Each structure stands twice: as structure tokens, then as C-alpha cells.
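Everything numeric here is computed off the predicted structure, so don't read it as measured data.
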Amino acid sequence: MTRVLIAEPSPDIRLLLRRAVKRLGFEAVELTSRERADPSSADVLLLEPAMRGGVELARTARRTRPGFPIVICSIYSATPELAALEPVAYLVKPFRRETLDRALARADSAATPHIEAA
């Protein structure tokens, strides 16, 4: 099952994203601003760049797993810094549920399943 790491600072938006991820049959792994995340524990990163440490998390994922799919969901338009992350999709809030569904499906197609240590 595809694991989607949700890095979103707003609890309300995080809840909506978690529901969307689960509705598509993926496993949602939520990251709060107080936690440190290991991108190797997921197959896809769903990122709000305004989240503290979120952009650095995406950079780490890119360094360790160059093809790691990232979907950015932000209230702001893309910047050169964020475009450099080469996201599968860049969604500007608010967006339609169908738009998120398509972006996650594309990310899932690009994902290489993570391997859990025994």
C-alpha cells in the first residue's frame, strides 16, 4: 500500500488531506510541526511548504531518493526554490478534490515502494 507522508501545519487541512489520501486507498502518515520525519518511511510526500522544516524535508527526500514523488499544496504560487524540488504536482489552495486525487494518482504511479527493515 502506498504510504503518503502529509506535512501540513494546519490540523483542519491535515484532516481533509488524510481523508482524501485514505479515500484513494493509500495509507496516510501525518507529520505535525513538532515531529521530525524520515522521508524513507513513505512513498509520496504531500507538502505544504509553509510547514516548519517542510522544504528541508523535501530536499532531504530528493537527495536520498532522487525520484521521490512530491505533491505541493500551498496558498502561494510556485517559487524557483519550490520548482527546484521538481514536484509531481503543485496545487494552489483552494483546489478541487478531483485535482488532488489526480495529483496523488500521478505521484503513486511515480512512487517506488519503500522497504521496511525487518
Side-chain angles (χ1 to χ4, degrees):
M1 176 184 293
T2 299
R3 297 182 76 192
V4 179
L5 179 59
I6 301 170
E8 164 62 54
S10 166
D12 293 336
I13 302 299
R14 205 167 46 244
L15 173 65
L16 291 172
L17 294 174
R18 182 181 75 226
R19 287 179 179 167
V21 165
K22 287 183 173 185
R23 185 183 65 253
L24 291 171
F26 304 143
E27 180 182 352
V29 179
E30 294 180 55
L31 175 67
T32 67
S33 58
R34 296 178 300 279
E35 298 173 317
R36 293 190 143 265
D38 177 5
S40 67
S41 68
D43 303 304
V44 173
L45 174 60
L46 186 55
L47 171 68
E48 164 55 80
M51 179 162 192
R52 189 170 150 183
V55 173
E56 187 53 41
L57 172 68
R59 285 189 193 122
T60 299
R62 262 299 163 247
R63 279 192 302 273
T64 59
R65 296 169 60 191
F68 186 73
I70 299 169
V71 175
I72 296 178
C73 301
S74 179
I75 60 171
Y76 301 110
S77 298
T79 63
E81 175 187 30
L82 296 174
L85 295 172
E86 299 177 7
V88 171
Y90 194 105
L91 309 180
V92 178
K93 296 174 185 173
F95 47 80
R96 297 178 59 86
R97 186 181 83 190
E98 296 82 14
T99 304
L100 177 61
D101 291 355
R102 283 191 303 274
L104 287 172
R106 264 195 321 268
D108 181 44
S109 295
T112 302
H114 72 285
I115 299 172
E116 299 244 2

Legend entry - For Ala61, side-chain contact (heavy atoms from CB on, under 4.5 Å) partners two or more places apart: Pro39, Phe68
Legend entry - Shortest non-hydrogen separation from Ala7 to Leu45 and the atoms involved: CB-CD1, 4.1 Å
Legend entry - CG-OG1 distance between Leu104 and Thr99, expressed to the nearest 0.5 angstrom: 11.0 Å
Legend entry - Separation of Ile6 CD1 from Ile13 CD1 (nearest 0.5 Å): 11.5 Å
Legend entry - Minimum heavy-atom distance Pro49-Cys73, with the two atoms named: CD-O, 3.9 Å
Inset, instruction - Give a yes or no on whether Val44 and Val29 share a hydrophobic cluster (residues Ile, Leu, Val, Met, Phe, Trp, Tyr; joining criterion: side-chain heavy atoms under 4.5 Å apart). - result: no
Legend entry - Atom pair CZ/CZ of Phe26 and Arg3 - distance to nearest 0.5 Å: 14.0 Å
Inset, instruction - Specify the closest pair of heavy atoms between Gly67 and Arg62, including all atoms of both residues, with the distance to one decimal. - result: C-NH1, 3.7 Å
Legend entry - side-chain contact (heavy atoms from CB on, under 4.5 Å) assessment of Leu57 paired with Leu31: CA-CA 11 Å; Leu57 172 68; Leu31 175 67; 3.8 Å; yes
Legend entry - Partner set under salt bridge (Lys or Arg N to Asp or Glu O under 4.0 Å) for Arg59, not counting sequence neighbours: Glu56, Glu81
Inset, instruction - Using salt bridge (Lys or Arg N to Asp or Glu O under 4.0 Å) as the criterion, list what pairs up with Lys93, not counting sequence neighbours. - result: Glu8, Glu48
Inset, instruction - Using the rule that two of Ile, Leu, Val, Met, Phe, Trp, Tyr join whenever any of their side-chain heavy atoms come within less than 4.5 Å, decide whether Leu85 and Val71 are in one cluster. - result: no
Inset, instruction - Could you tell me which residues satisfy side-chain hydrogen bond (donor to acceptor under 3.5 Å, both in side chains) with Ser10, sequence neighbours excluded, listed by chain and number? - result: none
Inset, instruction - Using a cut-off of 6.0 Å, state whether more than 12 heavy atoms not belonging to Arg96 lie near its atom CZ. - result: no
Legend entry - Distance-minimising heavy-atom pair for Ala42 and Leu5: CB-CB, 3.7 Å
Inset, instruction - Examine Val88 and Tyr90 and state if one hydrophobic cluster contains both, with Ile, Leu, Val, Met, Phe, Trp and Tyr joined whenever side-chain heavy atoms are less than 4.5 Å apart. - result: no
Legend entry - For Tyr76, the rest of its hydrophobic cluster, which grows through side-chain links under 4.5 angstrom: Ile75
Inset, instruction - Would you kindly say whether Arg106 and Ser109 are connected by a side-chain donor-acceptor distance under 3.5 Å? - result: no
Inset, instruction - Quick one: list whatever passes side-chain hydrogen bond (donor to acceptor under 3.5 Å, both in side chains) with Arg18, sequence neighbours left out. - result: Glu30
Inset, instruction - For Ala20, enumerate each residue passing the side-chain contact (heavy atoms from CB on, under 4.5 Å) test, keeping only those at least two apart in sequence or located in another chain. - result: Arg23, Leu100
Inset, instruction - Apply the test side-chain contact (heavy atoms from CB on, under 4.5 Å) to residues Asp108 and Asp43: give CA-CA distance (whole Å), side-chain angles for both, the deciding distance (0.1 Å), then the verdict. - result: CA-CA 8 Å; Asp108 181 44; Asp43 303 304; over 6 Å; no
Legend entry - Nearest atoms (heavy-atom pairs only) where Ile70 meets Ala58: CD1-CB, 3.9 Å
Inset, instruction - Give a yes or no on whether Leu91 and Met51 share a hydrophobic cluster (residues Ile, Leu, Val, Met, Phe, Trp, Tyr; joining criterion: side-chain heavy atoms under 4.5 Å apart). - result: no
Inset, instruction - Look at the side-chain heavy atoms of Ile, Leu, Val, Met, Phe, Trp and Tyr, link any pair under 4.5 Å apart, and say whether Ile72 and Phe95 land in one connected group. - result: no
Inset, instruction - Not counting sequence neighbours, which residues clear side-chain hydrogen bond (donor to acceptor under 3.5 Å, both in side chains) with Ser74? List them please. - result: none
